[in-house]
Every structure is written in C-alpha cells, then in structure tokens.
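The next block holds one structure in the form of structure tokens; read it before the comments.
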Amino acid sequence: MSTSRTVRQIAKGIPTSDGAGVKLTRVIGNQYVKNLDPFLMLDEFKSDDKADYMAGFPMHPHRGFETVTYMLKGAFRHGDNQGNTGYLAPGSIQWMTAGRGIVHEEMPNQEDGPVWGFQLWVNLPSTHKMTAPRYQDVPPEQVPEVELEHGRVKVLVGDFQGVRGPVEDVVTDPLYLDFHLNDGASQAVKIPLGKTAFVYVYQGSAEIAGTQLPERHLGILSEGETIEVRSLAADTRLLVVAGDPIEEPVVQYGPFVMNTVDEIQQAIQDYNEGRF
Ligand code: FE2
C-alpha cells in the first residue's frame with residue numbers, strides 16, 4: 001500500500017514587489033517559508049492593471065540555479081547579453097538554467113490587459129552551479145494536457161499517469177503539474193518518495209488529507225508517495241510541484257545562489273568584470 005502525504009505546513013503568499021517595481025505575491029522565499037530545498041522562491045504575478053507590471057524586470061544577472069517561468073495570461077519577452085531572445089505566450093513554460101551566469105531582461109510584451117503567471121527558482125547542486133547556461137522554451141502547444149474525470153491537468157515537467165512533460169534533463173528531477181478541478185472532484189497524484197513537494201492553490205479552494213487550502217495558500221507536504229486532492233470550489237486551479245532535495249549549504253545574495261560566501265564574492269566580481 002502506498003503512503004499518503006499530508007499537509008505539514010500552510011503558508012499564505014505575501015504581497016511584495018520585485019524587478020523595477022512589479023507587484024507580485026511571494027509564496028516561497030518570504031519570511032515564513034525561507035526556502036524549501038531545492039526550491040528557493042515561488043512568485044505569482046497577477047494583475048489587470050498595467051501599472052503593476054509595465055516596469056518589468058530589466059537587465060539583471062543570475063548564477064547558480066534555475067528560473068522557471070510559467071505564463072497563464074499575457075505575454076513576456078526575454079533577451080540576454082549573449083543575443084538570445086524568446087517570447088513567453090500564455091500557456092508557455094521557460095526552464096532557464098542560469099548555471100555559471102547569464103544577464104537577462106524579462107519585459108511585458110503588451111501595452112495593457114491582464115498578466116498572470118509564476119516564477120519558480122530551483123537550486124542547482126555544487127556539481128552543476130557552474131554549468132553552461134541553457135534555455136528550454138516550450139510553447140503552449142507542446143505542453144500535454146490530460147483529461148480527468150472531473151477536470152484536466154497540464155504536465156509541464158515530470159510524469160503524470162505515463163504522460164511526460166516537455167522539459168528535460170533537470171538535475172533535481174522535478175514534477176510540475178497544473179490542475180483544473182471541478183467542484184467536489186477528487187484526484188490522486190503520485191509524487192515519488194523522497195521528493196520535497198508542495199501544492200499552491202492559485203484559484204478556488206482545495207482539501208488534502210483533511211487540511212483545507214484556501215486561494216493563494218501554499219501547502220507543504222509531508223513524506224509519502226501519493227496525495228489526494230479534493231476541489232472545494234467550482235473551478236479550483238492548483239500547482240503540484242516536487243523535486244529532489246540537494247542538502248547542501250545555501251548562500252544567497254540576491255540573484256546569486258552558491259554554497260559559500262567566497263563563491264558569492266567571486267560571482268559579484270565576475271559579474272562586475274563582465275565575465276557573465
Ligand atoms: Fe531573471
């Protein structure tokens with residue numbers, strides 16, 4: 001018999017701003033949930049008001065981890081100091097391995113209208129922190145969607161009932177699923193033993209093993225092999241994310257995430273001297 005995971009901690013997303021003043025909700029990486037190895041940060045950005053997002057995220061560096069952008073509504077474009085550019089349409093996912101360093105910008109590709117999406121930061125182990133940068137830009141039509149008895153799920157990364165998401169070769173072997181569930185729907189989700197796992201309800205309300213998760217709440221899961229999610233609203237939408245913990249020291253200085261203070265100082269020096 002497989003063991004069920006339960007919710008061991010609930011946390012509400014905290015309103016904040018980042019970049020050049022983009023308003024967002026910080027779900028992981030705030031004062032209550034500092035980090036959730038291997039996950040360093042989860043932001044939800046959602047607004048119908050261009051004043052909340054037009055400033056975007058102008059040129060900034062990253063080293064030592066991966067940034068994952070998943071768009072629900074609206075569009076962003078990105079460009080880096082190596083001449084790489086890309087377009088993030090609604091329903092697309094970008095898995096960016098910053099590795100030894102990139103300098104990029106992430107800016108809205110629209111004048112007004114709604115913007116809604118997520119950015120997740122996933123750590124890299126010491127063996128991979130200085131790897132070559134890599135982009136996996138996945139357009140919406142390449143994200144498989146599985147019809148469920150009472151809803152549907154997009155498989156962004158990892159495996160759901162034998163359907164595999166398009167993002168490959170990630171060292172922490174993650175799972176990233178986006179569920180839409182009808183009222184009262186009950187859905188089992190397999191999450192391999194040993195992985196750090198969480199659920200984020202971004203619309204509606206859900207229950208897991210007797211614990212209710214209202215909208216904009218994170219549920220950090222206990223160890224186990226499966227969860228049973230029940231929707232408590234008409235159109236509940238939630239992310240299920242899991243990954244292998246890295247279990248190494250984390251020294252973070254803004255967009256640099258390394259193992260030691262020396263490595264952070266090296267990152268700052270390399271960036272300042274144009275070696276990214
Ligand atoms: Fe960035």
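No hydrogens, no waters, no symmetry mates; every other heavy atom, side chains included, goes into these values. Numbering of residues begins at 1 and proceeds along the displayed sequence. Read the numbers this way: they start at 1 and go in the same order the structure lists the ligands and their atoms.
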Closest approach of P90 to L72 (non-hydrogen atoms, all atoms of both residues): CB-O, 3.5 Å

Looking at F39 versus F198, is the centre-to-centre ring distance below 6.0 Å? yes

I'd like to know whether the aromatic ring centres of Y202 and W116 sit less than 6.0 Å apart in this structure. yes

Count, excluding waters, the protein N, O or S atoms that are closer to the Fe ion (ligand 1) than 2.8 Å. 4

Give a yes or no on whether E273 atom CD has more than 12 heavy-atom contacts from other residues, nucleotides or ligands under 6.0 Å away. yes

Measure up the H62 and F65 rings against each other and bin them: parallel (under 30°), tilted (30 to 60°), perpendicular (over 60°). perpendicular

Partners passing side chain to side chain contact (heavy atoms under 4.5 Å, CB included) against P214 (at least two apart in sequence or in another chain): H217

